[in-house]
Enquirer: 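First the structure, which I've put down as structure tokens, then a few questions once you've had a look.
The figures that follow rest on heavy atoms only: side chains count, while hydrogens, waters and symmetry mates do not. Note on naming: letters A, B, ... go to the chains in the order of the sequence lines (proteins, then strands), and numbering restarts at 1 for each one.
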Amino acid sequence: MVKRLGKILHRLRNGNGGGGSRAHKDLKLRFREFKYLLRANNEVLAIIAEIEQQLAQGGQVGLDFLRSRYIAASAKVYKMIRHLNHISAGRYPLLEEAFHRIRAEIDQILEEGGGSRSGVLVLPLDNLEPGEAHLAGSKASNLAELSRAGLPVPEGFVVTTEAFRRFMEFSGLGGQLRQAVMILEGSSLSEVEDFSRLLQQKILDAPLPPELEKELSEAGQRLAQLGARGLISLRSSAVGEDTQSSFAGLYRSLLGVPPDQAASAYRAVVAALYAPEAVVYRRRRGLLDQDAEMAVLVQAMVEPKASGVMYTTDPLGGGKGPLLISAVRGLGQSLVDGSVDPDLYRLERRHPPLLLDYAPGGQGESLGLDAEGLSKSSLDAAGREEPPLSEGQALELARLGLELEERFACPQDVEWALTGHGRLVILQSRPLQVLAARCGEAAAPEVEPLLAGGHTARPGAGAGPAFVVGRESELKNFPDGGVLVARSSSPALAAALPRAAALVTDVGGVAGHLASLAREMGVPALVGIGEATKLITNGQEITVDAGGRRVYPGRVAELTGPEPSTALCRPRSVPAPYWHQAAGLITKLNLTDPHSPRFIPARCATFHDIIRYVHEMSFKEMFRLGDEVGRDPGGGALRLEAVLPFELWFIDLGDGLAPGAGTILKPEQIVSIPGAALIKGLLDPAVDWNRPRPVSLKGLASVFSASLLTPPKDGQIREMGQRAYAIVSAEYLNFNCRVGYHFTALDSFCGNQQNDNYISFRFHGGAATEDRRQLRAELIERLLTDMGFSVERTGDQVSAFIKKYPPEMMLGLLEELGRLILFTRQMDMLMSGRPMVDWLAQAYAAKNYNLAANGGEGEPQ
Amino acid sequence: MSPFKVLVVDDERDFLESLVRRLQRRSVDAAGVTSGEAALEHLKVHKADVVVLDVKMPGMNGIEALRHIKQHYPEVEVILLTGHASVESGVEGLALEAFDYLIKPVKLDELIERIMEAFDRRKVVGELTGSPPPDQS
């Protein structure tokens with residue numbers, strides 16, 4: 001692998017042509033390899049952060065997520081090893097062994113992982129264990145938990161994500177999907193719609209793997225014997241569905257399915273994973289289409305007398321409102337798809353619950369079952385009169401609701417059914433989005449409203465041109481910032497929601513799926529207002545005051561007020577142990593001390609260890625390289641003569657250092673434009689990093705011993721052997737600094753070509769606990785954002801980027817970064833809580849870099 | 001047009017055409033062929049600086065094509081771009097000196113960035129071995 005470069009080096013050493021310039025070309029090539037290595041390092045760190053975040057959230061992603069990140073990481077890790085060997089002419093053969101050893105361990109876990117679960121396509125609900133949401137999806141896994149707890153849940157089984165993966169690969173659709181995602185990047189809504197329809201059709205037409213077809217059919221037949229009229233239902237149970245992202249109504253549920261149609265129903269549920277509104281929703285939530293994994297929950301069909309939705313608290317009541325039950329006679333489909341105004345029960349949340357009031361809705365027909373599947377029938381006067389739930393049943397349901405809330409430790413959005421025998425069953429339960437506080441109703445403006453009434457599904461006001469939906473296909477013409485006006489609250493409208501200023505519908509209740517989505521996406525929504533589609537004309541400017549339940553003509557400026565914030569509890573599901581184990585072999589860091597005799601390839605136990613090792617060695621090699629090319633001072637590594645908490649070494653790629661610099665470099669000899677600017681900031685006397693941090697930070701002194709805040713007394717270089725490296729050319733700077741666990745990298749081009757200018761800044765790690773590291777990362781995120789960077793933070797990793805700035809502004813930023821690097825050094829030790837972040841950000845803004853006590857009134861306790 | 005030539009190799013014609021078109025729209029001098037065999041034929045006649053190569057193709061697969069390209073045109077940089085990624089094919093491709101191993105989907109900006117990097121490397125290697133890129137207009 002390194003032969004070619006070896007040859008080049010051989011020729012180089014034998015003076016074949018170019019001499020010094022050839023040496024420099026070789027340095028240029030090796031520097032490029034170094035740059036590629038650093039980039040791959042950042043890529044692996046990003047993957048690690050992504051996996052760690054998923055582990056922290058729990059149950060949001062499937063096994064395929066881990067598998068795909070593992071494959072991506074393995075290629076980058078291997079690439080880093082190759083680059084290091086290129087730079088060093090093959091000095092690290094043992095790294096490949098370490099790589100293959102770790103890889104074999106991960107493979108083994110992933111293959112045998114889950115032991116008996118490997119390759120399981122169909123799994124009875126009762127056999128599911130905690131922490132298997134990656135296999136069964138969130139909905140099935142929540143229901144299994146209820147079933148384990150003895151709550152009433154219909155019998156069923158789950159077609160696993162493993163079955164989904166086999167289906168997608170067996171049909172070749174997995175590969176096609178990944179290509180489609182690439183083709184569709186940046187395309188318009190109508191292109192996305194066309195493509196997702198095509199993909200959906202392909203899924204509907206695709207054959208199932210024979211073993212899946214067989215297992216599904218057999219399990220379906222068995223289950224149907226328990227179902228009403230021998231029927232079953234199939235419901236989406238995607239990984240991550242019904243969690244923080246509800247995907248309410250975006251995926252499909254098929255009710256009343258004869259068991260011989262299980263396979264085609266399965267395909268239909270899977271196909272809905274790529275429905276346009278689901279694709280748009282995922283984009284909006286920052287989820288990737290290629291990560292979407294669908295398990296399907298198959299249940300014995302329940303033939304309900306009544307069914308509906310229960311919110312264990314009013315989603316607009318800041319968590320303090322009453323418990324709400326929406327109910328319809330028959331099946332609940334018409335309720336959740338927003339085509340019927342349901343009956344509404346309000347109950348006081350206490351043990352036992354108390355019925356506050358009951359308001360009949362406007363249900364004209366009900367949905368039931370016959371041998372073929374679903375059938376609609378009109379309700380006669382008597383049917384309309386009789387409430388769907390008796391008071392006793394409503395109280396019993398509310399009691400179940402409070403139990404669910406306790407079990408899942410947060411307010412729940414529950415789908416329920418009342419069987420013909422008067423038994424209540426839970427069809428699903430998921431976290432409920434609760435708005436932190438109800439918006440005060442704005443004073444009614446002087447304008448006469450066009451319409452008044454309806455239900456507030458999500459408060460707030462929005463204005464824009466009305467878009468009256470006639471047929472759903474027209475949705476693709478929906479203008480950005482338009483007000484969506486529709487007959488019913490159909491989830492099919494979800495695709496346009498992210499771009500809507502507000503939503504108004506003629507029918508539908510606050511418990512419908514579209515209402516949930518509007519809350520999740522923060523779109524003011526007023527549903528069930530009656531005649532909006534008749535009274536509002538297409539293109540007319542209107543203002544919707546969803547909280548005040550009024551629609552005004554034109555734009556009413558005084559209505560746009562502060563937005564309510566959402567509060568949502570975190571899901572509790574935890575991935576299975578082997579998920580952790582495999583993930584750990586990628587993400588954990590054991591090699592922390594480069595000076596330890598254990599800092600060797602043989603001790604690398606994880607991918608993170610390997611990249612840590614490679615990263616460290618790559619610097620060593622770049623220095624060795626400097627020595628090798630050494631005769632010419634421009635090619636060697638030079639130590640900067642300055643008092644800094646780390647040794648700073650410079651490598652010149654050309655015109656970055658003044659000619660004639662000796663073995664020790666003086667700051668003024670740095671002529672690299674970005675290099676000089678950073679040094680100016682690092683050496684700013686205002687940031688006196690060498691001074692002890694004030695003990696007067698009360699609160700702190702009690703938590704930490706003063707020694708943590710005071711630098712050691714010996715010598716000027718505080719952390720001997722901690723080196724930072726700056727690789728420079730006239731207009732380029734690459735600065736890398738690893739002090740203990742902290743890692744800072746800065747890469748910048750800064751010249752007269754404004755278009756080429758950029759600063760990329762990364763920060764990662766810390767020695768303190770995760771909370772403190774994260775708080776420090778938040779502080780850095782805040783400071784960088786204030787400086788104008790676009791910043792992304794994942795856990796304790798911050799990456800910031802800015803580009804195309806004029807040179808003067810670039811220099812100011814680089815100088816500022818120099819100060820920031822020193823200011824935030826070891827700051828994680830100070831991070832007692834979020835008030836500290838605020839306080840430090842203010843101190844920094846006030847240029848109180850040394851945290852002088854007199855400038856710091858309001859200092860956190 | 002870019003000072004470098006890119007050849008995209010992918011057996012999925014729709015994908016190939018879309019990718020080549022989008023590259024061209026971004027001023028990348030790109031051409032496309034649908035098989036490993038066709039790629040080798042193409043390189044005989046038209047030069048390329050960077051090849052973006054699918055891995056799973058009927059006939060000669062991407063890894064074999066990579067082997068041939070590196071044997072006959074060692075200065076050409078190859079980026080593997082696959083929808084059926086595996087640890088094995090990644091390691092194999094990178095061991096055969098593929099410039100990078102990318103997994104579909106990749107954002108167009110990122111792909112172009114990689115292509116430019118690969119070309120940058122190709123230039124430096126060219127300076128060292130005395131085989132500069134064919135057209136640096």
Side-chain angles (χ1 to χ4, degrees), chain A residues 1-5 7-9 11-12 16-18 21-22 25-26 28-33 35-36 39-40 43 67-79 81-83 86 96 99-100 103-104 106-107 169 172 174-186 288-290, chain B residues 10-19 21-22 25-26 54-57 70 74-75 77 80-111 113-114 117-130:
Chain A
M1 149 193 359
V2 281
K3 228 186 259 164
R4 198 153 48 88
L5 196 97
K7 249 189 255 168
I8 296 167
L9 283 175
R11 232 178 296 156
L12 174 72
N16 182 3
S21 80
R22 175 161 278 280
K25 279 174 196 160
D26 175 62
K28 271 162 79 180
L29 179 60
R30 297 221 228 167
F31 172 62
R32 274 167 178 76
E33 297 279 350
K35 248 174 71 179
Y36 307 146
R39 211 216 27 231
E43 288 170 339
R67 223 180 252 129
S68 70
R69 297 312 184 273
Y70 160 50
I71 292 170
S74 70
K76 301 301 173 196
V77 171
Y78 189 79
K79 196 166 172 271
I81 297 173
R82 191 188 76 178
H83 289 312
H86 277 182
E96 267 203 47
F99 171 80
H100 288 297
R103 193 194 129 181
I106 300 174
D107 284 341
E169 295 311 319
Q176 287 181 36
L177 166 73
R178 290 186 284 272
Q179 294 194 334
V181 171
M182 207 169 151
I183 293 175
L184 287 176
E185 180 202 336
L288 301 174
D289 287 324
Q290 62 272 24
Chain B
D10 199 307
D11 63 315
E12 293 272 343
R13 193 174 287 275
D14 287 350
F15 176 78
L16 177 73
E17 283 169 5
S18 149
L19 183 55
R21 198 171 53 240
R22 289 167 69 213
R25 246 186 255 150
R26 300 278 292 270
D54 187 17
V55 175
K56 193 183 166 200
M57 293 184 288
K70 282 291 171 183
E75 73 285 0
E77 294 291 350
L80 294 171
L81 173 62
T82 179
H84 299 270
S86 69
V87 177
E88 292 72 27
S89 75
V91 168
E92 208 178 351
L94 290 167
L96 287 167
E97 294 293 311
F99 180 77
D100 210 335
Y101 182 81
L102 304 180
I103 300 168
K104 290 174 190 170
V106 177
K107 291 206 166 112
L108 189 65
D109 280 342
E110 195 188 328
L111 180 63
E113 202 178 294
R114 294 304 150 96
E117 261 181 25
F119 175 64
D120 177 54
R121 182 172 196 281
R122 190 245 170 282
K123 274 194 303 190
V124 177
V125 171
E127 281 175 19
L128 272 165
T129 58

Enquirer: For residues 104-111 of chain B, run the donor-acceptor check on the side chains, cut-off 3.5 Å, and write out each pair with its distance to 0.1 Å, sequence neighbours left out.
Expert:
| from | atom 1 | to | atom 2 | distance (Å) |
| --- | --- | --- | --- | --- |
| B:Lys104 | NZ | B:Asp10 | OD2 | 2.8 |
| B:Asp109 | OD1 | B:Arg26 | NH1 | 3.3 |
| B:Asp109 | OD1 | B:Arg26 | NH2 | 2.4 |
| B:Glu110 | OE2 | B:Arg114 | NH2 | 3.4 |

Enquirer: Examine distances only and state if a side-chain atom of A:Arg82 and a backbone atom of B:Leu94 form a donor-acceptor pair shorter than 3.5 Å.
Expert: yes
Enquirer: Where does B:Ser18 contact chain A at under 4.5 Å (heavy atoms): side chain, backbone, both or neither?
Expert: side chain
Enquirer: Relative to chain A, which segment of B:Leu96 carries a heavy atom at a distance below 4.5 Å: side chain, backbone, both, or neither?
Expert: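 No part of it gets close to chain A.
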Enquirer: Pick from B:Gly93, B:Gly90, B:Ala85: which one has the most heavy-atom pairs with chain A under 4.5 Å?
Expert: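 Maximum pair count with chain A is reached by B:Ala85.
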Enquirer: Measuring from B:Ile103:CD1 to A:Lys76:NZ, what's the distance to the nearest 0.5 Å?
Expert: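 If we round to the nearest 0.5 Å, B:Ile103:CD1 and A:Lys76:NZ are 7.5 Å apart.
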Enquirer: Below 4.5 Å, heavy-atom pairs only: which of B:Asp120, B:Thr82, B:Leu19 has the largest tally toward chain A?
Expert: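 If we count pairs closer than 4.5 Å to chain A, B:Asp120 comes out on top.
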Enquirer: Indicate yes or no: at least one non-hydrogen side-chain atom of A:Lys35 is less than 4.5 angstrom from one of B:Glu117.
Expert: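 A side-chain contact under 4.5 Å is absent here.
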Enquirer: Who wins among A:Ala73, A:Gly174, A:Ala75 for the most heavy-atom pairs under 4.5 Å with chain B?
Expert: A:Ala75
Enquirer: Begin from the C-alpha positions of A:His86 and B:Glu97 and carry the test side-chain contact (heavy atoms from CB on, under 4.5 Å) through to its verdict.
Expert: CA-CA 11 Å; A:His86 277 182; B:Glu97 294 293 311; 3.2 Å; yes
Enquirer: Strictly distance-based, threshold 3.5 Å: is any side-chain N or O of A:Arg178 a donor or acceptor partner for the main-chain N or O of B:Gly83?
Expert: yes
